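Working notes, beginning with the structure itself.
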Amino acid sequence: MNHVSDNLTLHNGVKIPGLGFGVWQISPLHTAKCVRTAIKAGYRNIDTAEGYMNEKGVGEGVRQAMEEYGLKREEIFVSTKLWNSHRGYDKAMKAFEVSLKKLGLEYLDLYLIHWPAVSRWHDDWREINRSTWRAFEELYRDGRIKAIGVSNFLAHHVQALTEDSDIKPMVNQIEYHVGFGQVKSAEYCQANGIVVEAWSPLGSGGVLRNGELNRIAGKYGKSAAQICIRWLLQKNIVPLPKSTHEKYIMENADVFDFSISEEDMTAIDRIPYCGGMMFDPDSARS
Ligand code: A2P
C-alpha cells in the first residue's frame, strides 16, 4: 500500500496530502466501502461535508481501514464542512459536535465553511461569515480541529473574512476543473498562502468526453481523468476526485509517474467549458 501523494504545508505548518478522495454524491450506504477502497489505494485525505449526508459512512470507512491496514489516526487527514443552515457562532459550535459525533472521531483535521453568506441574499453577509468563523477559530485554538478553512469563497469573500478575523483561512475548496478554472480565486488564495482544493476535478465526469483532453491523454498513454488530476497537481491545487468504482479510484491515484509539459498545460488551460456545475457563489442561493 503506497501513499499516493506528497504533502502540501498549510500556513499553520499542518501537512495536507496533495491528493484527496471526495465523497460528494456517494450514497450513505456505499460510503464506508468506497472510503476503505480509497485508503487501500493509498489516498490519505478524505473530504466530506455535513451536507453530503454521509459523514457516518466516512467515519466507519476510516476506522475499518485503520484496523485493516494498521494505520494510525494521524496518518489519515479527514475534512468536513459546515452546512449553510448552521452559520453563526452558536449553531456552528453545535454543528461541529454533531459532525464529529457522526464521524466518530476525536478531532478533525480540517473544517470548512461550505458556502459563504453573500450580499445578494444577506445584507449582513460579512457579519454572518465573521460570526461563523469565530466558532471555527475557537475550536481550532482548543485543538479540536487541526486546520480551518472555507469553501466556494471568491477572492473578495476571502479578503473580507481575513480583514474581519484573527486567523486567515488555511484552505479554500472551490470548483475547479478543465473548462472551469477559477483562476482569479485560486491565484488570490495561493498568493496569500491559502491552499486551494478542487471539488469536481473531473467536472462531475462530464469533461472526460472532451476531444482535446483525450487527444492530450493519448500522447501520455494516460486516461482523460488522470490528465485532469495531474493538471491540478501541477498547479499545486489539491484534487478531490470522487468515484464509486475501485478501478477508477485506483486509476485516479496513479498520476505520479509522469508530468504534463508546459505546452500541454497551456493547451488544457484553453479548453472551453465542457462539463461540471459552474456554480457562481455570489448568486447561488445559499
Ligand atoms: P463513478 O462514481 O460512477 O465511478 P468529480 O470527481 O469531478 O465529481 O467526478 C466524479 C464522476 O466522474 C463520477 O460520476 C465518477 O463515476 C466519474 N469518474 C471518476 N473517476 C473516473 C475515471 N477515472 N474514469 C471515468 N469516470 C470517472
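In this chain, residues are counted from 1 in sequence order. Order of appearance sets the numbers: ligands from 1, and atoms from 1 within every ligand. Just so we're clear, the structure is a prediction, and the values are computed from it rather than from any experiment.
- Ranking the protein heavy atoms by distance from atom 27 (C) of ligand 1 puts Tyr248 CD1, 3.6 Å first.
- Atom numbering of ligand 1 starts at 1 in the shown order; those under 4.0 Å from a heavy atom of Gly203 are 7 (O).
- Below 4.0 Å from some heavy atom of Gly205 lie the following atoms of ligand 1, by number and element: 9 (O), 11 (C), 12 (O).
- Contacts with ligand 1 closer than 4.0 Å are made by side-chain heavy atoms of Leu208 only, the backbone lying farther away.
- Looking at Gln159 and His157, their side chains never bring a donor and an acceptor atom within 3.5 Å of each other.
- A cation-pi arrangement, defined by a distance under 6.0 Å to the six-membered ring centre and an angle within 45 degrees of its axis, is present between Arg230 and Phe258.
- Annotation for Met53: atom CE does not count as buried by contact number, only 12 or fewer foreign heavy atoms lying within 6.0 Å.
- Of the options Gln226, Lys242, Glu175, Gln25, the smallest heavy-atom separation from atom 19 (C) of ligand 1 is shown by Lys242.
- In this structure, Arg134 is positioned above the aromatic face of Tyr89, its NZ or CZ under 6.0 Å from the six-membered ring centre and within 45° of the axis.
- Judged purely by distance below 3.5 Å, without hydrogens or angles, the side chains of Asp269 and Trp231 pair a donor atom with an acceptor atom.
- Within 6.0 Å of NZ in Lys168 there are more than 12 heavy atoms belonging to other residues, nucleotides or ligands.
- If you look at His245 next to ligand 1, the close heavy atoms, those under 4.0 Å, come from the backbone and the side chain alike.
- Considering only non-hydrogen atoms, atom 14 (O) of ligand 1 lies nearest to Ser204 out of Ser223, Ser204, Ala224.
- When Ala198, Ser200, Cys34, Pro241 are checked for heavy-atom proximity to atom 8 (O) of ligand 1, Ser200 turns out nearest.
- With hydrogens and angles left out, the side-chain atoms of Glu251 and Ser223 include a donor and acceptor closer than 3.5 Å.
- Counting only heavy atoms of the protein, atom 20 (N) of ligand 1 lies nearest to Asn252 ND2, 3.0 Å.
- Of the polar atoms of Thr244, at least one N or O is found under 3.5 Å from an N or O of ligand 1, judged by distance alone.
- Near Ala225, meaning under 4.0 Å from one of its heavy atoms, ligand 1 places the atoms 22 (C), 23 (N).
- Residue contact check for ligand 1: Pro201 places a non-hydrogen atom closer than 4.0 Å to it.
- Using modelled atom types, one finds no donor on one side chain facing an acceptor on the other under 3.5 Å when comparing Ser27 with Asn54.
- Residue contacts with ligand 1: Leu240 is placed with no nitrogen or oxygen under 3.5 Å of a nitrogen or oxygen of the ligand (distance criterion only).
- Donor-acceptor pairing under 3.5 Å is lacking for the side chains of Tyr43 and Asn252.
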